[in-house]
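Just so you know, ligand 1 is whichever comes first in the structure, and atom 1 is the first atom listed for that ligand.
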Amino acid sequence: MHHFSTALVALLAGTASAVVQDWQQCGGTNWKGETQCSSTAGCVVINDYYSQCQPGAAPQPPATPEQPPAVSSVLPGTPVATGVPAGTGPGKTLQSGYYWVRAVAAPNFHKYVQSKPLYATGPAILGDYTTAGQFQIVDSQLVQLVSAPSEPAKLLYGIVSETRMINNLSLPVSWAETKNTYGKFAWNGDGLTWTVAGVSRPNAAAWYVCSGQQMYINLGNYLYGTPAGCADQTIHYYNDKTANNK
Ligand SMILES: *[C@@H]1O[C@H](CO)[C@@H](O)[C@H](O)[C@H]1NC(C)=O
């Protein structure tokens, strides 16, 4: 008995992991964090890139994305799935017609919009200026240039989830090869706004940046009722030749 319980304690200690708080991320492609929601919440799949602990949801396993085969197990000559279609990226000089897009206030002062992984489908995040993406708005689509200047243009589109998340007031934004079908992006001055028919927002330029630097449309108030783990931000274009954090 003694040996059994010692082993059990060791096993539990070895596998113990923090419980993910309500409304926080518990899974999705590239998610490397904790996956266990509290006993009163379930891990709900929102999209390929994002699962979230929602109070009252039936417990369900987090999305376990298919991993590309380990290189060692692949026979020579077999194409290796890369998982996501990544572009080479447009480089560190702003391309004609495009903008850097960044936050201008703490805690994300001069953090720049980009995709995670870089230049690939996945969540929209705010990250370092050295990996800033390049964007424009075309026909109400937020378009990211992910190809090198020497290559044929490859674009990704900013996609707004219709599923309300954190505090039922936020819509995660991700990058896809297909166009966004929910709402419209527009510049208001240099501020990035999003609106959709049927949803009245106190501030069309209000964003949340939450755990993992994930960007969300904030359907609620700016700087009021901010969910734990999130920061209120407005997001602005910047068109100097290079991005910087000054
Ligand atoms: C979330 O907000 C929508 C729109 O206001 C509302 O219809 C829905 O009932 C809310 N859901 C929850 C769980 O509060």
Check: Which atoms of ligand 1 sit under 4.0 Å from any heavy atom of Asn168?
Finding: 1 (C), 2 (O), 3 (C), 8 (C), 10 (C), 11 (N), 12 (C), 14 (O)
Margin query: Quick check: is Tyr112 connected to Val146 through a chain of hydrophobic side chains (ILVMFWY, heavy atoms under 4.5 Å apart)?
Written below: no
Item checked: Residue pair Asn221 / Asp232: nearest heavy atoms and the distance that separates them -> O-OD1, 3.8 Å
Note to self: Any side-chain to backbone donor/acceptor pair from Arg201 onto Ala206? Under 3.5 Å, distance only.
What the structure shows: yes
Check: Considering only the protein, which heavy-atom contact is closest to atom 4 (C) of ligand 1, and what is its distance?
Finding: Arg164 CZ, 3.6 Å
Item checked: Contact bool for atom 11 (N) of ligand 1 (protein heavy atom, d < 4.0 Å) -> yes
Check: Are Trp175 and Tyr49 near enough that their ring centres are under 6.0 Å apart?
Finding: no
Next item on the list: Considering only protein heavy atoms, determine whether one is less than 4.0 Å from atom 2 (O) of ligand 1.
Entry: yes
